[in-house]
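Scroll down for the structure; my scribbles are underneath it.
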Amino acid sequence: KIKAVGDATLLTDSVKRNANVRITADTKNLDFIKPLLEDSVSGKFAIPPMSIDGNLSMKGTLYDTDIRLQESNGHILAKASLDTEGLKYNMALDIDSLLLSNFLPKDSLRYVSFSANGEGRGIDVFDKQTKLHLTAELMDLGYGKNDRYNFGGIKLKGDIDKGIGQIDIDSDNPILNLKSRFDALLNKKNTNITCSVEMRQIDFYALNITPEPFKMGMCLHVDGCTNLKDAHKVNGEINDIVLVAKDTILRPKDLAMNV
């Protein structure tokens, strides 16, 4: 069941045009869609009952959207706006307690809670007038039988301003514990990048990568530059490497690379 109600005026006038549409939808049993898909695809996912309530609007050069999707006890909230005059934009996304197992019943993913917020102006990262600020956080990602593992506590912060880009990624959970920083001087003729990662621990067994318990820690530092055409250079080193397999602890030599 889908319903759309709204009004619009002066759509051909880029300054005075105005429109507003509200969309509501409730889905029931959508299994009839599966026979239209290949067996290899239809057997991997499900379409649970959902409700959607959203609003789309336009006023001159400004476009707005506000949508809520509800599934069981979980929901997705998405808001975004774009001003085509100056290409200014902002967005917000909130996913709370969404049961991924209702969409992917045969997968190990169980539930997710995630949020993101961003605002900016322009999309050309090499233009010094472009400005972007983004934050995101993965609060919970449960996976494994009986929600055995929780992969959360991951935060991202990113900025671009006057040709300088910065990204910070921090993860604080028993599976992945790290702090990382990416810096870039953005220029089409010569872009310089620096990356530093302090990986205190990554549990490969909990990530279902290895059949036996295996953990690793290390520090990584990489510097690079490129003209985005035919000249590229990378220097890096990996040190403080620790490998833990059951009752064995190994400390390999440091590694260096020059490319």
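Because the structure is predicted, anything quoted here is derived from the model rather than measured.
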Donor-acceptor pair, side chain of [X] and main chain of [Y], under 3.5 angstrom:
X      : Y      : result
Asn102 : Pro105 : no
Ser72  : Gly74  : no
Ser113 : Met139 : no
Arg17  : Gly60  : yes
Thr61  : Thr84  : no
Gln201 : Pro174 : yes

Check whether any side-chain heavy atom of [X] sits under 4.5 Å from a side-chain heavy atom of [Y], and report yes or no.
X      : Y      : answer
Leu186 : Asn192 : no
Asp172 : Asn177 : yes
Arg181 : Gln166 : yes
Lys131 : His133 : no
Ile123 : Leu87  : yes
Asp161 : Leu132 : no
Val5   : Val21  : no
Asp254 : Ile238 : no

Given the rule that I, L, V, M, F, W and Y join up when any side-chain heavy atoms are under 4.5 Å apart, are [X] and [Y] in one cluster?
X      : Y      : answer
Leu134 : Ile167 : yes
Ile209 : Val242 : no
Ile52  : Ile76  : yes
Ile154 : Tyr143 : yes
Tyr205 : Ile241 : yes

*asked:* Let's go through Phe214 and Phe204 carefully: what are the C-alpha distance in whole Å and the side-chain angles of both, what is the deciding distance for ring pair (Phe, Tyr, Trp, His ring centres under 6.0 Å) to 0.1 Å, and is it a yes or a no?
replied: CA-CA 6 Å; Phe214 181 68; Phe204 291 101; 5.5 Å; yes
Taking every non-hydrogen atom, the tightest pair across [X] and [Y]:
X      : Y      : answer
Ala8   : Ala19  : CB-CB, 3.8 Å
Leu100 : Leu141 : CD1-CD1, 4.0 Å
Pro49  : Glu71  : O-CG, 3.7 Å
Ala25  : Ile2   : CB-CG1, 3.9 Å
Phe126 : Thr191 : CE2-OG1, 3.5 Å
Met216 : Leu243 : CG-CD2, 3.4 Å

Interatomic spacing from [atom1] in [X] to [atom2] in [Y] - rounded to 0.5 Å:
X      : Y      : atom1 : atom2 : answer
Leu176 : Ile169 : CG    : CD1   : 10.0 Å
Ile164 : Leu185 : CD1   : CG    : 6.0 Å
Leu109 : Leu98  : CG    : CG    : 11.0 Å
His75  : Ile95  : NE2   : CD1   : 9.0 Å
Lys233 : Thr226 : NZ    : OG1   : 13.0 Å
Leu220 : Asp240 : CG    : CG    : 11.5 Å

Do we see a donor-acceptor contact under 3.5 Å between the side chains of [X] and [Y]?
X      : Y      : value
Asn55  : Asn20  : yes
Tyr111 : Asp96  : no
Thr194 : Asp223 : yes
Thr130 : Asp124 : no
Asn173 : Ser171 : yes

*Apply salt bridge (Lys or Arg N to Asp or Glu O under 4.0 Å) to Arg121 and list each qualifying residue two or more places apart in sequence or on a separate chain.*
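In terms of salt bridge (Lys or Arg N to Asp or Glu O under 4.0 Å), with neighbours along the sequence ignored, Arg121 is linked to no residue.
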_Tell me every residue that passes salt bridge (Lys or Arg N to Asp or Glu O under 4.0 Å) with Glu85, counting only those two or more places apart in sequence or in another chain._
none
_Residue pair Phe103, Met50: steps toward the side chain to side chain contact (heavy atoms under 4.5 Å, CB included) verdict_ = CA-CA 11 Å; Phe103 297 87; Met50 295 175 287; 3.8 Å; yes
Lys/Arg N to Asp/Glu carboxylate O, [X] vs [Y], below 4.0 Å:
X      : Y      : result
Asp94  : Lys79  : no
Lys179 : Asp170 : yes
Asp168 : Lys157 : no

*Under 6.0 Å from the CG atom of Asn73, do we count more than 12 heavy atoms belonging to anything else shown?*
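No, the 6.0 Å shell around CG holds no more than 12 heavy atoms from other groups.
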*Would Leu207 and Ile202 count as a side chain to side chain contact (heavy atoms under 4.5 Å, CB included) if you check the C-alpha gap in whole Å, the side-chain angles of each, and the deciding distance to 0.1 Å?*
CA-CA 9 Å; Leu207 291 170; Ile202 179 171; 4.0 Å; yes
*Passes side chain to side chain donor-acceptor pair (under 3.5 Å), Asp83 versus Ser81? Steps please.*
CA-CA 7 Å; Asp83 189 341; Ser81 68; over 6 Å; no
*Could you check Leu93 against Phe114 for side chain to side chain contact (heavy atoms under 4.5 Å, CB included), going step by step and ending with a plain yes or no?*
CA-CA 8 Å; Leu93 175 66; Phe114 173 83; 4.0 Å; yes
*Please assess Val222 against Val234 for the test side chain to side chain contact (heavy atoms under 4.5 Å, CB included), listing each intermediate value before the final yes or no.*
CA-CA 7 Å; Val222 176; Val234 177; 3.7 Å; yes
